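For reference, positions follow the sequence shown, starting with 1. Atoms within a ligand are numbered from 1 in the order they appear, just like the ligands themselves. Values below: every heavy atom of this structure, side chains too, minus hydrogens, waters and symmetry copies. Worth saying up front: this structure is predicted, and the values here are computed from it rather than measured.
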Amino acid sequence: MIIQDKVAFVTGGAQGIGRAICKALLTKGAKVIIADINVTEGKSTASEFATEYADNVTFIECDVTNQESVEGIMPFFACPSYCASKYGIVGFTRSIAMSPDFDLHKVRMNCLCPDMVDTPMISRFSKEGEKKGFIIHYDHVKDAVKQPPLKPPAVADVFIDLVEDESKNGAALLIPRKGPPRDIEFPVYQ
Ligand SMILES: NC(=O)C1=CN([C@@H]2O[C@H](COP(=O)(O)OP(=O)(O)OC[C@H]3O[C@@H](n4cnc5c(N)ncnc54)[C@H](O)[C@@H]3O)[C@@H](O)[C@H]2O)C=CC1
Ligand SMILES: CCCCCC(=O)/C=C/C=C\C/C=C\C/C=C\CCCC(=O)O
């Protein structure tokens with residue numbers, strides 16, 4: 001798909017991975033709606049981008065859930081409920097992608113499954129995060145957390161590739177901390 005002049009609705013676009021995706025889309029000439037539950041951060045991000053991209057960016061308040069993760073394909077003992085919600089998104093995405101309605105709407109459904117990304121969210125992988133109930137068994141996970149995380153623009157680059165590649169529908173793309181992104185291969189059940 002050619003991104004220039006398309007309208008993109010980016011949920012969670014005020015900060016972190018969503019913000020990097022907004023920036024990548026604006027760079028490609030899209031008109032971007034930053035949709036986020038955090039009005040202060042959303043307005044601030046929109047006005048910052050508007051200095052360079054003027055009328056191509058706008059903010060609206062919006063409450064939605066949920067974006068995909070590596071935890072949608074691999075179990076993780078430190079946050080089982082979070083992990084379960086991510087498995088759910090993979091199943092939902094692949095189910096919609098194979099719908100017979102696809103021939104009518106032609107909307108492709110794919111998901112990105114990044115490993116840990118350097119955003120405010122990863123502060124939850126800490127002793128403090130454990131005290132607040134975001135994770136459990138911090139002492140068993142802290143070494144994994146020490147490896148350098150991905151940077152949000154690296155995830156946004158893979159997102160742009162996925163949007164531009166019209167051959168992809170129902171894909172789940174793993175973005176590891178080391179090495180190139182790759183398609184997850186799912187077992188075929190007949
Ligand atoms: N940071 C990481 O290591 C990874 C994050 N993810 C997933 O990617 C997504 C984004 O994560 P980050 O950018 O790290 O998080 P973040 O916490 O930095 O940013 C999340 C953004 O979403 C907004 N938001 C939260 N709840 C919302 C709702 N109900 N409706 C609309 N907007 C809402 C927040 O206000 C914030 O602007 C999350 O679903 C996260 O689980 C996936 C893999 C790795
Ligand atoms: C090695 C771990 C790879 C982790 C990839 C990932 O998805 C990173 C997530 C970062 C933080 C998640 C930590 C805890 C999640 C627990 C609760 C989430 C609550 C959701 C919310 O809306 O607040």
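Numbered from 1 in the order shown, with element, the atoms of ligand 1 that lie under 4.0 Å from a heavy atom of Met116 read 3 (O). Each of the following atoms of ligand 2 lies closer than 4.0 Å to a heavy atom of Val70: 3 (C), 5 (C). Distances below 4.0 Å separate heavy atoms of Pro120 from the following atoms of ligand 1: 18 (O). Contact atoms of ligand 1 toward Pro114: 43 (C), 44 (C) (distance under 4.0 Å to a heavy atom of the residue). Each of the atoms 35 (O) of ligand 1 lies under 4.0 Å from some heavy atom of Asn38.
Checking atom 22 (O) of ligand 2 against the protein gives no heavy-atom contact under 4.0 Å.
Nearest approach of Ala20 to Pro153, heavy atoms of both residues: CB-N, 3.9 Å. The minimum heavy-atom distance linking Met109 with Ile96 is given by the pair CG-CG2, 3.6 Å. Phe125 approaches Tyr138 most closely through the heavy-atom pair O-CE1, 3.6 Å. Contact record, Ile73 with Ile184: CD1-CD1, 3.1 Å, taken as the closest heavy-atom pair.
In terms of N/O distances under 3.5 Å, ligand 1 is approached by Ile17. Residue Ile37 has at least one N or O atom closer than 3.5 Å to an N or O atom of ligand 1. Of the polar atoms of Val117, at least one N or O is found under 3.5 Å from an N or O of ligand 1, judged by distance alone.
With respect to the salt-bridge test (charged N to carboxylate O, under 4.0 angstrom), the residues Arg19 and Glu41 do not qualify.
For the pair Glu71 and ligand 1, no heavy-atom separation below 4.0 Å is found. Using a non-hydrogen distance threshold of 4.0 Å, Thr11 does not register as a contact of ligand 1. Using a 4.0 angstrom heavy-atom cutoff, Asp115 counts as in contact with ligand 1.
Protein heavy atom in closest approach to atom 16 (C) of ligand 2: Phe134 O, 3.1 Å. What sits closest to atom 9 (C) of ligand 2 on the protein, heavy atoms only, is Tyr82 OH, 3.3 Å. Scanning the protein for heavy atoms near atom 3 (C) of ligand 2, the closest one is Asp115 OD1, 3.4 Å. At the shortest separation from atom 12 (C) of ligand 2 among protein heavy atoms lies Phe125 CE1, 3.9 Å. Atom 6 (C) of ligand 2 has Ser69 OG, 3.4 Å as its closest protein atom, hydrogens excluded (heavy atom only).
Checked by atom type and distance alone, the side chain of Asn110 pairs as donor or acceptor with a backbone atom of Ala171 at under 3.5 Å. Not a single donor-acceptor pair under 3.5 Å links the side chain of Glu130 to the backbone N or O of Ile135. Side chain of Arg108 to main chain of Ser167: no donor-acceptor pair is present (N/O by atom type, distance under 3.5 Å, no hydrogens or angles). Under a 3.5 Å cut-off, the side chain of Tyr87 and the backbone N or O of Glu71 do not form any donor-acceptor pair. Using modelled atom types, no side-chain atom of Asp36 and backbone atom of Gly42 make a donor-acceptor pair closer than 3.5 Å.
The salt bridge (Lys or Arg N to Asp or Glu O under 4.0 Å) pairs that include a residue from residues 109-119 are Asp115-Arg177, Asp118-Lys151, where partners are two or more places apart or lie in different chains.
Residue-level proximity to ligand 1 for Cys113 is absent, since no heavy atom of it falls below 4.0 angstrom. Contacts of Arg19 with ligand 1, taken as heavy-atom pairs under 4.0 Å, are absent altogether. Residue contacts with ligand 2 for Ile135 involve side-chain atoms from C-beta outward but no N, CA, C or O (heavy atoms, distance under 4.0 Å). No part of Val145 comes within 4.0 Å of ligand 2, judged by heavy-atom distances.
The residue from Val70, Val145, Ile122, Asp63 that puts a heavy atom closest to atom 29 (N) of ligand 1 is Asp63. With Lys132, Met74, Glu71, Met121 as candidates, the residue nearest to atom 4 (C) of ligand 2 on a non-hydrogen basis is Glu71. Nearest-residue assignment for atom 18 (C) of ligand 2 (options Arg177, Arg124, Glu130; heavy-atom criterion): Arg124.
Between His140 and Phe77, the ring planes are perpendicular. Angles over 60° get that label, and only those under 30° would be called parallel.
At least one side-chain heavy atom of Ile136 sits less than 4.5 Å from a side-chain heavy atom of Pro80.
Each of Thr45, Thr58, Val10 was checked for a side-chain contact (heavy atoms from CB on, under 4.5 Å) with Ile34, and the lone residue meeting it is Thr45.
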